[in-house]
S.K.: 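Take this structure, written in structure tokens, and hold onto it; I'll ask about it next.
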Protein chains: 2
Amino acid sequence: MPETSAVPGDELDLGTVLRALADPHRRAVVIELAADRTDGERACHSFNLPVSKQTRTHHFRTLCDAGLLCEVDYGNKKGVRLRRAAIDRRFPGLLDLLAAEFTRSAR
Amino acid sequence: MPETSAVPGDELDLGTVLRALADPHRRAVVIELAADRTDGERACHSFNLPVSKQTRTHHFRTLCDAGLLCEVDYGNKKGVRLRRAAIDRRFPGLLDLLAAEFTRSAR
DNA sequence: ACCGAGGTACGATTCAAGTCGTACCTACGG
DNA sequence: CCGTAGGTACGACTTGAATCGTACCTCGGT
């Protein structure tokens with residue numbers, strides 16, 4: 001199984017994306033972002049992830065490498081934004097699916 | 001992360017499904033089935049998986065546990081069928097997404 | 001100038017998952 | 001009736017991934 005590493009530049013790879021979404025914490029982040037139709041920038045620390053800082057860094061790194069997020073570095077803190085356009089173009093329906101999961105979890 | 005184990009009886013769990021689809025071999029199986037709109041029964045050994053028999057058993061077991069497939073045991077050999085209705089009901093758009101990946105890989 | 005909060009780097013640990021070897025079972029065909 | 005092919009059970013090995021400890025960096029506020 002070659003399963004070449006992600007190329008966030010242009011092409012999203014399904015395997016990489018699914019592996020990224022397979023983790024509950026990362027999935028929670030993407031689901032939250034997918035549910036917010038304003039697509040505002042969010043601070044990394046604003047997600048309520050029950051893990052240490054280092055692990056959080058690791059997860060956001062993974063999500064960016066998969067091409068699902070883009071980051072803005074302010075030196076001090078960091079912001080993330082969902083790459084909705086790219087994802088919708090490559091995987092139409094995926095974000096709707098995840099957003100639906102947000103509604104579901106709220107119930 | 002509780003991430004309770006799958007209950008194939010009724011409810012499909014997103015985490016379990018994504019973890020099942022994260023593996024290239026399992027994903028290949030589901031993609032092939034999703035692309036075939038006739039939804040015919042397929043023999044397990046008819047998929048060209050480059051792994052041993054034991055591993056193949058393991059993968060099909062995982063897919064069934066995730067609720068993506070149902071199996072028919074003929075004693076001698078085994079058939080699988082995509083649980084399209086259940087998947088479409090719980091995750092509308094998911095199978096279309098995977099079927100699109102089949103077309104893509106053919107190119 | 002200092003301190004605290006957010007973030008990263010590197011290394012170590014731990015655990016899940018994919019994989020296969022060996023052994024055994026079940027049918028079907030000659 | 002036996003061989004062969006598909007499948008399962010159990011156990012062992014290996015790798016990848018999640019996690020955290022320690023140390024260090026970058027700002028903003030006081």
Side-chain angles (χ1 to χ4, degrees), chain A residues 1-6 8 13-33 40-81, chain B residues 1-6 8 13-33 40-81:
Chain A
M1 63 270 91
E3 194 79 4
T4 55
S5 60
D13 173 64
L14 180 57
T16 309
V17 167
L18 289 179
R19 251 178 294 126
L21 292 175
D23 180 89
H25 299 135
R26 289 194 293 261
R27 192 167 61 247
V29 168
V30 177
I31 283 178
E32 228 178 288
L33 289 170
E41 187 177 308
R42 284 277 301 269
C44 280
H45 65 270
S46 71
F47 298 90
N48 217 11
L49 297 179
V51 293
S52 63
K53 296 190 297 179
Q54 313 91 286
T55 304
R56 198 171 55 204
T57 297
H58 163 66
H59 284 315
F60 278 107
R61 178 137 199 61
T62 304
L63 287 171
C64 290
D65 286 353
L68 293 172
L69 303 186
C70 61
E71 293 178 320
V72 190
D73 194 339
Y74 296 111
N76 202 7
K77 33 189 85 173
K78 213 154 82 174
V80 288
R81 194 183 292 274
Chain B
M1 64 267 105
E3 193 79 4
T4 54
S5 60
D13 173 63
L14 180 58
T16 309
V17 167
L18 288 179
R19 251 178 294 124
L21 293 175
D23 181 88
H25 299 136
R26 289 194 293 260
R27 191 166 63 248
V29 168
V30 177
I31 283 177
E32 228 178 291
L33 289 169
E41 186 176 309
R42 283 278 300 269
C44 280
H45 66 270
S46 71
F47 297 90
N48 217 11
L49 297 179
V51 294
S52 64
K53 295 191 298 180
Q54 314 91 287
T55 303
R56 199 171 52 206
T57 296
H58 164 65
H59 284 314
F60 278 106
R61 177 138 198 62
T62 303
L63 287 170
C64 290
D65 286 353
L68 292 172
L69 303 186
C70 60
E71 292 179 321
V72 189
D73 195 338
Y74 296 111
N76 201 5
K77 33 189 85 173
K78 212 155 81 175
V80 288
R81 195 182 293 272

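By convention in this document, chain letters (A, B, ...) are assigned in the order of the sequence lines, proteins followed by strands, and residues within each chain are numbered from 1. As the structure is a prediction and not an experimental result, all values here were calculated from the model. Note that these values count all heavy atoms, side chains included, but never hydrogens, waters or copies made by symmetry.
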S.K.: Let me know the distance between CZ of R56(B) and C1' of dA9(D), rounded to the nearest Å.
M.R.: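 After rounding, the gap between these two atoms is 16 Å.
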S.K.: What is the distance, rounded to the nearest whole Å, between atom CG of L21(B) and atom P of dG18(C)?
M.R.: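 After rounding, the gap between these two atoms is 12 Å.
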S.K.: Could you check if a side-chain atom of H58(A) sits within less than 4.5 angstrom of a side-chain atom of R26(A), using non-hydrogen atoms only?
M.R.: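 A side-chain contact under 4.5 Å exists here.
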S.K.: NA contact type, D73(A), heavy-atom cut-off 4.0 Å: base, sugar-phosphate, or nothing?
M.R.: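 Counting heavy atoms under 4.0 Å across all strands, no contact is made by D73(A).
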S.K.: Is the phosphate of dA9(D) approached by H58(B) (side-chain N or O, under 4.0 Å from OP1 or OP2)?
M.R.: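 Checking H58(B) against dA9(D): no side-chain N or O falls below 4.0 Å of OP1 or OP2.
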S.K.: Relative to the 5' end of DNA chain D, which residue comes earlier, T57(B) or H59(A), by the nucleotide with the nearest heavy atom?
M.R.: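 With T57(B) and H59(A) compared, the 5'-side residue is T57(B).
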S.K.: Whole angstroms only, please: what is the NZ-P distance between K77(B) and dA27(C)?
M.R.: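 Distance, rounded to whole Å: 13 Å.
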S.K.: Looking only at the side chain of D23(A) (C-beta and beyond, no hydrogens), which of the listed nucleotides dG7(D), dT19(C), dA18(D) gets closest?
M.R.: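 Of the candidates, dA18(D) comes closest.
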S.K.: With rounding to the nearest 0.5 Å, note down the distance linking CZ in R61(B) to OG1 in T55(B).
M.R.: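 One finds 14.5 Å between CZ of R61(B) and OG1 of T55(B).
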S.K.: Between P on dG18(C) and CZ on F60(B), what's the gap in Å once rounded to a whole number?
M.R.: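 Rounded to the whole Å, the gap is 14 Å.
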S.K.: Could you tell me how far apart H45(B) (NE2) and dC28(C) (P) are, to the nearest whole angstrom?
M.R.: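 So the two atoms are 14 Å apart, to the nearest Å.
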S.K.: Decide yes or no for H59(B) and R56(B): does some side-chain heavy atom of the first lie under 4.5 Å from some side-chain heavy atom of the second?
M.R.: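 No; the side chains remain at least 4.5 Å from each other.
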S.K.: Identify which nucleotide among dG6(C), dG6(D), dA17(D) has an atom closest to any side-chain atom of N76(B), counting heavy atoms from C-beta outward.
M.R.: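 Selected nucleotide: dG6(D).
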S.K.: So do the side chains of V29(B) and L68(B) get within less than 4.5 Å of each other, counting heavy atoms only?
M.R.: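 No - every pair of side-chain heavy atoms lies 4.5 Å or more apart.
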S.K.: Quick check on contacts: within residues 46-54 of chain A, what sits under 4.0 Å from DNA chain C by heavy-atom distance?
M.R.: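 Hits under 4.0 Å, by residue number: K53(A), Q54(A).
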S.K.: Whole Å only: how far is the NE2 atom of H25(A) from the P atom of dA17(D)?
M.R.: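 The answer, rounded to whole Å, is 17 Å.
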S.K.: Which pairs, protein N/O on one side and nucleotides 14-16 of chain C N/O on the other, fall under 3.5 Å?
M.R.:
none

S.K.: Just the rounded figure in Å: distance from P of dG7(C) to CG of L69(A).
M.R.: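 Between P of dG7(C) and CG of L69(A): 13 Å.
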S.K.: Taking atom C1' of dT19(C) as reference, at what distance in whole Å does atom CZ of R61(B) sit?
M.R.: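 Between C1' of dT19(C) and CZ of R61(B): 17 Å.
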